[in-house]
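Each chain gets a letter, A, B and so on, in the order the sequences are listed, and its residues count up from 1. Because the structure is predicted, anything quoted here is derived from the model rather than measured. In what follows, every heavy atom counts, from backbone to side chain, and hydrogens, waters and symmetry copies are set aside.
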Number of protein chains: 4
Amino acid sequence: MCPRNVERDQRVRDERIQLILDSAITVISTKGFGSTSISDIAKAAGISIGTMYHYFRSKDEIFAEVLKRGQLDYGKRVLELAEEQGTPALIKLQDFAAGWLANPINWAYTIMLQTARTTDTVPLEIRQAVTDRFTANLQPLARIMEDGQQEGTIVQGDPLKLAFYLVSMIQGLTLQQAPGFEIPISIEVDRLIGLFQA
Amino acid sequence: MCPRNVERDQRVRDERIQLILDSAITVISTKGFGSTSISDIAKAAGISIGTMYHYFRSKDEIFAEVLKRGQLDYGKRVLELAEEQGTPALIKLQDFAAGWLANPINWAYTIMLQTARTTDTVPLEIRQAVTDRFTANLQPLARIMEDGQQEGTIVQGDPLKLAFYLVSMIQGLTLQQAPGFEIPISIEVDRLIGLFQA
Amino acid sequence: MCPRNVERDQRVRDERIQLILDSAITVISTKGFGSTSISDIAKAAGISIGTMYHYFRSKDEIFAEVLKRGQLDYGKRVLELAEEQGTPALIKLQDFAAGWLANPINWAYTIMLQTARTTDTVPLEIRQAVTDRFTANLQPLARIMEDGQQEGTIVQGDPLKLAFYLVSMIQGLTLQQAPGFEIPISIEVDRLIGLFQA
Amino acid sequence: MCPRNVERDQRVRDERIQLILDSAITVISTKGFGSTSISDIAKAAGISIGTMYHYFRSKDEIFAEVLKRGQLDYGKRVLELAEEQGTPALIKLQDFAAGWLANPINWAYTIMLQTARTTDTVPLEIRQAVTDRFTANLQPLARIMEDGQQEGTIVQGDPLKLAFYLVSMIQGLTLQQAPGFEIPISIEVDRLIGLFQA
DNA sequence: TATGAATGAGCGTTCATTCAT
DNA sequence: TATGAATGAACGCTCATTCAT
């Protein structure tokens, strides 16, 4: 009657999904998004192709899920940063930029973010969701900008646009940093954030 | 049967190559980089697949060549801008940014630039060449930054890094603008360049 | 933990098997034979795939069993018809034809009957059994034909062959009627049976 | 300028297509429709899978084309038969039935005809075309029936329906004859056609 | 030089079947 | 007995590349 432990099954299932997504982002950030096949991910996760399809309906769904988790995690982190009390806005921005640029996996997310909408085969609703999350994630940064403007430490102007410019710059720099490129120019985070200083 | 004229042959050859490269960038910026096949380009150019392989050894070579021409053209334009006499540095930067963002083909170049090194199959020497050209193309912008600093209109700091930051931001924004994304935030070029104002 | 009752167990087992077979023919007649998977049937029966394999060794065995039951049921019905007293042979034939053509599930059985031998993977013994049952099921119809000949209402000739021709025609018409085909010619059962009238 | 012989190319192309279609029907009639894969057909035709897709867009297109040719050839033959002068209708019907049943490939066509509409993946327009050709091909037979009725040799009734019944019966018998089934009942064509005799 | 037919490795995906729990 | 996660062979299909003409 009770041959399975439902709770444990669900836990195993969640772990498997996490394992697949982790393997996926690892492979993508190593091999590049376009060259990553389902079988690459399966191999990295140490499971069979069939099992991949047990947990995900399609390649696109895997990629969409990887991207979604990345965006949600990022959103949570940047929200916490914005709500932090007592830290000056400029310091928050520096922490943000330094944190992002320090994580070598972020260039993969950036590529995926851009690819998600470039590829025709990605369903429109997914593109929309990706874009919405991106836009939503700008809000906490805009709030930091606004706080800084009230402190008098951040330049004037629409805070949302400032956040948009900052994120774009950091994404651009992330891509420049991608493995293999080796642009021989180091990034000085404080100098970079200094551009937004009043 | 066919009277040969070496000079004319060479001209025809150059025209063919130019035609192929033009068709390539057109198709890429329409269909997206990853979805563009050799036969797509051949069809757009109105020639056969076999002929493509008379002029280029491989798909990667075509893409590398497209990218190379794009970088060289870009380099020429930005060099002319730097050497222009009598124009204030800030105006030059605004012209540069506005010109780049206005041309919808540039997001394709940006994607290709990043993809060139992401893809394992791209030979190391090509990656190196792409990176070198990218770095070289930063020099004229750095010169404009330096001029502006002497004018007192541009913020202090390593001019090359300032150029690097600016280009990264503009590349980031280019990707945000790519068709389909529709980030509902408009870009104000003067405000953006204002970040670099002293 | 579980008090066992051999008799009850057997009954549960039989019910399960019946449930699976019923679900199978339902799904097959809806989705088509070729597109019906084991998991489709399991879902329709509300049981797991694993349970399916407790009761049947393979997909082919399920299909063979579905077909077998269909043939046995059909055989019983046609035998009862033949043994019916007091009904004229022509009326019996009309009832037979009308009854068959009225049941939309029969085209699925017809397809399965033909597929059973077409598919290489079906074991020879099963093909033989299917054929044997088909031939056996012709006998009652042949008897009706013979009765009719004695009544003087059915055309002369080998009764078995007449039965064979009739069944073939009705199977052919069944397939024409299959959903989606829409052959715009209605079937008049009495006219059809009239062909066998003396 | 003229490196190819366009005319000859077209001829080669037509031959290849014919070769593929011939191989397809051969394989289908041997292995069965459902079990025939693209690679089976390619192997039988002695060409590669890629070449198959050079001539046909998809598996469905190949099957649709095989079926179409079969139907068109059949239509031509039955039309010639109907227009034949001086042959009694009954003889024509006997020739028709005997000719159809003698050709072992016809059971494959019959299966394909039925499968074409059973399978959901077959586009609606193809199903319609198949049905239309089937219905059109009934007309010549209906004409023969009508001629026979005027001769006084064929039973009364709607000639189109008589043709429909005859074709259905013959298709049914064709399936019974399919290799492997071995129904131990021989078919007597004259007896069978006799059912339609006045 | 120009062509496009031919190739085949590799892709994403399905599904009958097995088996530890 | 009951489960469903795991497997992997096989499918339809794509496309960069080759080569005889």
Side-chain angles (χ1 to χ4, degrees), chain A residues 1-6 8-10 12-13 16 35-42 46-62 121, chain B residues 1-2 4 9 12-13 16 35-43 47-62 121, chain C residues 1-2 4 9 12-13 16 35-42 47-62 121, chain D residues 1-6 8-9 12-13 16 35-42 46-62 121:
Chain A
M1 285 287 163
C2 312
R4 285 294 185 90
N5 180 327
V6 174
R8 204 189 52 108
D9 277 11
Q10 186 57 42
V12 167
R13 190 180 171 81
R16 272 276 196 264
S35 319
T36 296
S37 70
I38 285 283
S39 102
D40 287 331
I41 300 174
I47 62 176
S48 73
I49 290 173
T51 303
M52 295 284 296
Y53 281 90
H54 196 76
Y55 291 103
F56 296 95
R57 249 174 313 222
S58 69
K59 188 190 180 187
D60 279 348
E61 190 177 291
I62 296 175
T121 60
Chain B
M1 193 177 278
C2 303
R4 287 303 187 83
D9 280 8
V12 167
R13 186 179 173 82
R16 271 271 200 271
S35 317
T36 297
S37 70
I38 285 282
S39 106
D40 287 331
I41 299 174
K43 221 168 284 166
I47 62 175
S48 73
I49 291 174
T51 304
M52 295 283 294
Y53 279 86
H54 271 292
Y55 293 104
F56 296 97
R57 246 171 317 212
S58 72
K59 189 189 181 187
D60 280 347
E61 190 178 290
I62 295 175
T121 59
Chain C
M1 194 177 276
C2 302
R4 285 303 185 83
D9 280 8
V12 167
R13 185 180 174 82
R16 272 270 199 270
S35 318
T36 297
S37 69
I38 285 281
S39 108
D40 287 332
I41 299 174
I47 62 175
S48 74
I49 292 173
T51 304
M52 294 285 294
Y53 278 87
H54 270 292
Y55 293 105
F56 297 96
R57 246 173 317 215
S58 70
K59 187 189 181 186
D60 280 346
E61 191 179 289
I62 295 175
T121 60
Chain D
M1 286 291 164
C2 313
R4 285 292 185 88
N5 181 327
V6 174
R8 205 189 53 107
D9 277 10
V12 167
R13 188 178 173 83
R16 271 279 196 263
S35 318
T36 296
S37 69
I38 285 282
S39 102
D40 287 331
I41 299 174
I47 61 177
S48 73
I49 291 172
T51 302
M52 295 284 295
Y53 282 89
H54 197 75
Y55 292 104
F56 296 95
R57 248 172 313 220
S58 70
K59 188 189 179 186
D60 280 348
E61 190 178 291
I62 294 174
T121 59

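- Across all strands shown, R57(B) has no heavy atoms under 4.0 Å from either base or sugar-phosphate atoms.
- Minimum heavy-atom separation, R16(C) to Y55(C): CG-OH, 3.6 Å.
- Straight-line distance from the NZ atom of K43(B) to the C1' atom of dG4(E): 12 Å, rounded to whole Å.
- Residues M52(D) and I47(D) approach most closely at SD-CD1, 3.8 Å, considering heavy atoms.
- What you find for R13(C) and H54(C) is that their closest heavy atoms are NH2-O, 4.0 Å.
- Rounded to whole angstrom, the span from the CD1 atom of I62(D) across to the P atom of dG12(F) amounts to 9 Å.
- Contacts of S37(A) classified as side chain to side chain contact (heavy atoms under 4.5 Å, CB included), with partners at least two apart in sequence or in another chain: S39(A), D40(A).
- Rounding to the nearest 0.5 Å places OG1 of T36(C) at 11.0 Å from CD1 of I62(C).
- Across all strands, I49(B) comes closer than 4.0 Å to base atoms (heavy-atom distances).
- Looking at which nucleotide of DNA chain F each of I47(A) and T51(C) is closest to, the 5′-most match is held by T51(C).
- Across the protein-nucleic acid pair, D40(C) atom CG and dA16(E) atom P stand 8 Å apart, rounded to whole Å.
- Proximity of Y53(A) to the phosphate of dT13(E): a side-chain N or O atom is located under 4.0 Å from OP1 or OP2.
- Backbone-only contact: S37(D) has heavy atoms under 4.0 Å from sugar-phosphate atoms and none from a base.
- Each of dT3(E), dG8(E), dA2(F) was ranked by its minimum atom distance to the side chain of S48(B); first place goes to dT3(E).
- Candidate nucleotides dT13(E), dT17(F), dT17(E) were compared by shortest atom distance to the side chain of I38(A), and dT13(E) ranks first.
- Distance F56(B) CZ to dT18(F) P: 16 Å, rounded to the nearest Å.
- Look at CG on D60(A): it is 12 Å from C1' on dT13(E), rounded to the nearest Å.
- In DNA chain E, the stems built from three or more successive Watson-Crick or G-U pairs (distances below 3.5 Å) are E:2-21 with F:2-21.
- In this structure, E61(C) atom CD and dA16(E) atom P are separated by 15 Å, rounded to whole Å.
- When the nearest nucleotides of DNA chain F are assigned to S39(D) and S58(B) by heavy-atom distance, the more 5′-ward of the two goes with S39(D).
- Nucleic acid contact for Y55(C): sugar-phosphate only, since backbone atoms but no base atoms lie under 4.0 Å from a heavy atom of the residue.
- The shortest distance between the side-chain N/O atoms of R13(D) and the OP1/OP2 oxygens of dA5(E) is below 4.0 Å.
- Spacing between atom NZ of K59(D) and atom C1' of dT13(E) amounts to 14 Å, rounded to whole angstrom units.
- Mapping H54(B) and G50(A) onto DNA chain E by nearest heavy atom places H54(B) closer to the 5' end of the strand.
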